[in-house]
Amino acid sequence: MDEVRVPSPQELKRILRRGVAEVIPEGELERLLMEGRLLRLKMGFDPTRPVVTLGWAVGLRKLRQLQELGHRAVLIIGDITAQIGDPSGQSETRPMLSPGEVEANAQAVLEKFFLILDRERTEVRRQSEWFGPFGLREVVALAAKATVAQMLQREDFAQRYRLGRPIALHEFIYPLLQAYDSVAVGAHVELGGTDQKFNILMGRELQPYYGQPPQCALLMPLLIGLDGQRKMSQSLGNYIAIDAPPHDMYGKLMSLPDNLIVHYLELLTDVPDEELEDIARGLQEGKLHPMDAKMYMAKEVVAQFHGLEAAQEAEEEFVRVFRARQVPTAAPTFPVPMQPDKTSFVDLTRVLVDAGLVPSRSEARRLLSQGAIEVDGEMVRTPRVLVRHGSIVRVGKHRFLRIVDAHSS
RNA sequence: GGCGGGGUGGCGGAGCGGCCAAACGCACCUGGCUGUAAACCAGGCGCCCUGAGAUGGGCUACGCAGGUUCGAAUCCUGCCCCCGCCA
């Protein structure tokens, strides 16, 4: 087991300030880090979907920074709480999942986490390890540790209560279970988004009951999603997946509102603070074109996940396809049986649906009538068109399909 | 347990026997403008069929199941669920 390293002042600042919303209690975490003792860094997740968004990357990157000092990440798979549904930041109850779904999701999520985390310094635990043997006696004892008034302090509970929206009783159990996780793994620090503040503090409160020192909370700002309004989340659909291919990730980043450029640079890249300030100032004073800044941001972020080379290529592709309006180098292909002369009459509505580019033929017809579809650069308005081997079908701005001969592939 | 209110499209929310595939807003999609940004303008936004298209046909849809009617999201019956007040 390797040594824990005490951070330099610069590192300390980077860890505790950059991309951090709040450290609770102030100063405590710094002291722990300077002591040089191995810290157990808890981060939990509910495997409700097999998707990891860039929003998660913010916390994962922070965790990684701490791992580099030699500390240990303790990931907790919320295989129990996922079946309850975390109300945090939600205004409604989530559906419950089956154990099979939960486990499959957990595996998918973990794989993506390790795109950022150091596997060697990570411990993966499941709530079922300790909640499996939990009995009614324990549940009631746990529930006795908090009051209804406390629960109603939490923003979303308070709001739902005020608005007369339902709050199921089991939802009150959720923060307690998550808090008990901290006890079960002996967490020194728990990382999470600011929306997790209540739950994390609950853990802090619970630990002393079990003879443990209270954990620190390291809270990260929530990454704003593609809509530029709400936090990035899979359920809102305003997200970029952490494992999105480079060009896709780049394109989505470019579609972000301008005012998010610095936000993303700060939370998802290692671009130094001074440079960040320069960019922010440049944008504000109009000396820096937002598009240039955004391209820089997009490239930096993509580079974090795919390397600089891939990021560079993604940028070139972006410029080629959207600025020069040329066809992309790579497009999904769709085989079509052709005549000996390598051409074929096809019904585009069928092709697009079969290729998965459009959800239904009705939708395809609409797109046709709206002039959103072109074949080899020519706008088409009728479904039946002549295509040849290698024809490019473009739907809207960024959906492409390359038609190939089914016989000759 | 009692009394009252309510369940409509991804969300909010109208409609309360035919003109309803369902107003309006949001979200979303497409086109225009552009920097694949925002804003703005225009259009679209259940599914399927009609060898081109549709102001053309058909099928599903307003909590669930039945019923009344030529015709139901709209009326009736039963059931399920939610909310509020009282206990």
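In the text below, chain A, chain B and the rest are named by the order of the sequence lines, each starting its count at 1. All of these numbers come straight from a predicted model, not from anything done at the bench.
- Taking atom CG of A:Asp292 as the reference point, atom C1' of B:rG35 lies 9 Å away to the nearest angstrom.
- Within the structure, every side-chain polar atom (N or O) of A:Arg366 is placed at least 4.0 Å from both OP1 and OP2 of B:rA54.
- Here A:Lys252 lies out of heavy-atom contact (under 4.0 Å) with every strand.
- A sub-4.0 Å separation between OP1 or OP2 of B:rC48 and a side-chain N or O of A:Ser360 is present.
- Counting to the nearest Å, the P atom of B:rG53 and the CG atom of A:Leu348 are 11 Å from each other.
- Here the side chain of A:Arg361 is nearest to one of B:rG51, B:rC49, B:rC47, namely B:rC49.
- Less than 4.0 Å separates RNA chain B from at least one heavy atom of each of the following residues of residues 374-383 of chain A: A:Thr382, A:Pro383.
- At B:rU50, none of the side-chain N or O atoms of A:Arg384 fall inside 4.0 Å of OP1 or OP2 (strictly under the cut-off).
- Residue-level contact check: A:Arg399 touches the backbone only, with heavy atoms under 4.0 Å from sugar-phosphate atoms and none from bases.
- Considering only side-chain atoms of A:Gln370, the nucleotide from B:rG31, B:rC29, B:rG43 that sits closest is B:rG43.
- Base pairing annotation: B:rC47 forms a Watson-Crick or G-U wobble pair with B:rG58, both donor-acceptor distances under 3.5 Å.
- Nucleotides B:rA22 and B:rA73 have their C1' atoms positioned 8 Å apart, rounded to a whole Å.
- Whole-Å rounding puts the A:His398 NE2 to B:rA37 C1' distance at 13 Å.
- Within the shown strands, B:rG2 is the pairing partner of B:rC85 under the Watson-Crick or G-U definition, both distances less than 3.5 Å.
- At the phosphate of B:rA37, neither OP1 nor OP2 sits under 4.0 Å from any side-chain N or O atom of A:Ser255.
- Pairing of B:rA38, defined by two Watson-Crick or G-U wobble distances under 3.5 Å, is not identified with any nucleotide.
- Across all strands, A:Gly251 comes closer than 4.0 Å to base atoms (heavy-atom distances).
- Base pairing of B:rU68: no nucleotide in any strand meets the Watson-Crick or G-U wobble criterion (both distances under 3.5 Å).
- Using a 4.0 Å heavy-atom cutoff across all strands shown, A:Arg350 reaches sugar-phosphate atoms only and no base atom.
- With RNA chain B read from its 5' end, the first of the two nearest nucleotides for A:His247 and A:Gly396 is the one closest to A:Gly396.
- Heavy-atom distances to RNA chain B give each of A:Pro257 and A:Arg365 a nearest nucleotide, and the one nearer the 5′ end belongs to A:Pro257.
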